[in-house]
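Take a look at the structure set out below.
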Amino acid sequence: MPTTLYNKPYRTPADLVKDLKRKQLQFLDEAEAEMTLSQISYYHFKIYLHPLLDPASPGGKKYRQGEYFEYGLELYRFDEKLRVLLFGVIARLEVKLRSRLDHALSSHSNNPFWYLDDTYFFTKQGSGKIDGVRAKIQTDFSYEKELYARNYRSKYHNNIHNQFSDLPPFWIASELITIGSLFRIFENIDFSYFKKLATPDNLILDNLAKEFGANDFKALTNWVQRLRDVRNRCAHHSRLWNAKLAAPSQIAGELSITTTHQYRPYLTICVMHKMIRSLGLTGIELKGEVQRLFARSPAARRHMADTGFPQGWETEPFWN
């Protein structure tokens, strides 16, 4: 497919303000708006102005009457605070997921290197997928400068996997794996192997899932993937509040008030709440924190449906 030479010129913050005014966007303080656009890339910011556009205007490129730049900035700040909140919540859940998975499989296998044993993973079509995860851990561990890693590398090896004999037990490796790698481990665990075991070993994975509020291990794996998606948006400062996300399994069926949009953050936030409640985590008041974020942002309340949050969500029995 042929491409076109990119020749759009650089525009100063003042140029950007003038262009937005031509598109009928209003400003409470143009000088402050210019300052904002000198500190935040317009390419990064302009998506927060999209909800203010008038779809009936020519090409849908002009703003509705009475819309202000500051409304978009308010959505931007709301999104910043939402990402900070959820990033902290996911950090707590990620630690629990790593720890409980390790406890479950180490106690079953009596092998702290279980993640290097192909017995527990899908390998009928080769071990390439799980080996890719192991190789990533191997690279990261080889470069880790913390004392625990240097101490292990200088003293120990394992005899579980020749290609990865330099890797440590999972409880050490888990200190540096990303949530992406954690999801890949969940995804590649051969749950059918465990289903064939005698009771109670055949319930190991599903019991682990129930600790987090999921119906079974397949649902928990899906939830870990959804947490990964949101965590990565938070970590990379990507728009989250109305982002299109895959819908998590199971959770919608537990709600009596239907989400306004299944592919928005609300359902994944519900998953976080279910996990927090199931694990009995203290010090996280997710419902109250989200309520306070909306209460402080009239623009976010005005566009609340775009996040998937339905009216009256806070009265939902699921949240209470």
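Values reported hereafter were calculated over all heavy atoms of this structure, with side chains retained and with hydrogens, waters and symmetry mates removed. Numbers for residues simply follow the sequence, beginning at 1.
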Quiz prompt | Near-ring test Trp114/Phe170, centroid separation under 6.0 angstrom | solution = yes
Quiz item: With a cut-off of under 6.0 Å to the ring centre and 45° to the axis, is Arg153 in cation-pi contact with Phe141?
Solution: yes
Quiz item: Is it true that atom NE2 of His44 has more than 12 heavy atoms of other residues, nucleotides or ligands lying nearer than 6.0 Å?
Solution: yes
Quiz prompt | Straight-line distance of Asp216 CG to Leu205 CG, nearest 0.5 Å | solution = 10.0 Å
Quiz item: Can the ring centres of Tyr266 and His261 be said to be less than 6.0 Å apart?
Solution: no
Quiz prompt | Ring centroid separation Phe113 to His161 under 6.0 Å | solution = no
Practice problem: May I ask you to check whether Phe27 and Tyr68 place their ring centres under 6.0 Å from each other? | Solution: no
Quiz item: Between Phe45 and Phe69, is the ring centre distance below 6.0 Å?
Solution: yes
Quiz item: Do Phe217 and Phe212 have their ring centres less than 6.0 Å from each other?
Solution: no
Quiz item: Does the gap between the ring centers of Phe309 and Phe294 come in under 6.0 Å?
Solution: yes
Self-check item: Geometric cation-pi criterion Arg301 and Phe78, 6.0 Å radius, 45° cone
Solution: no
Quiz item: Between Ile269 and Leu281, is there a shared hydrophobic cluster once you connect ILVMFWY residues whose side-chain heavy atoms come closer than 4.5 Å?
Solution: yes
Quiz item: Would the number of heavy atoms belonging to other residues, nucleotides or ligands and lying under 6.0 Å from CG of Asn320 be above 12?
Solution: yes
Quiz item: So how far is it from Gln24 CD to Gln65 CD, rounded to the nearest 0.5 Å?
Solution: 8.0 Å
Exercise. Could you verify whether a donor N or O on one side chain and an acceptor N or O on the other, from Tyr120 and Asp190, lie under 3.5 Å apart?
Key: no
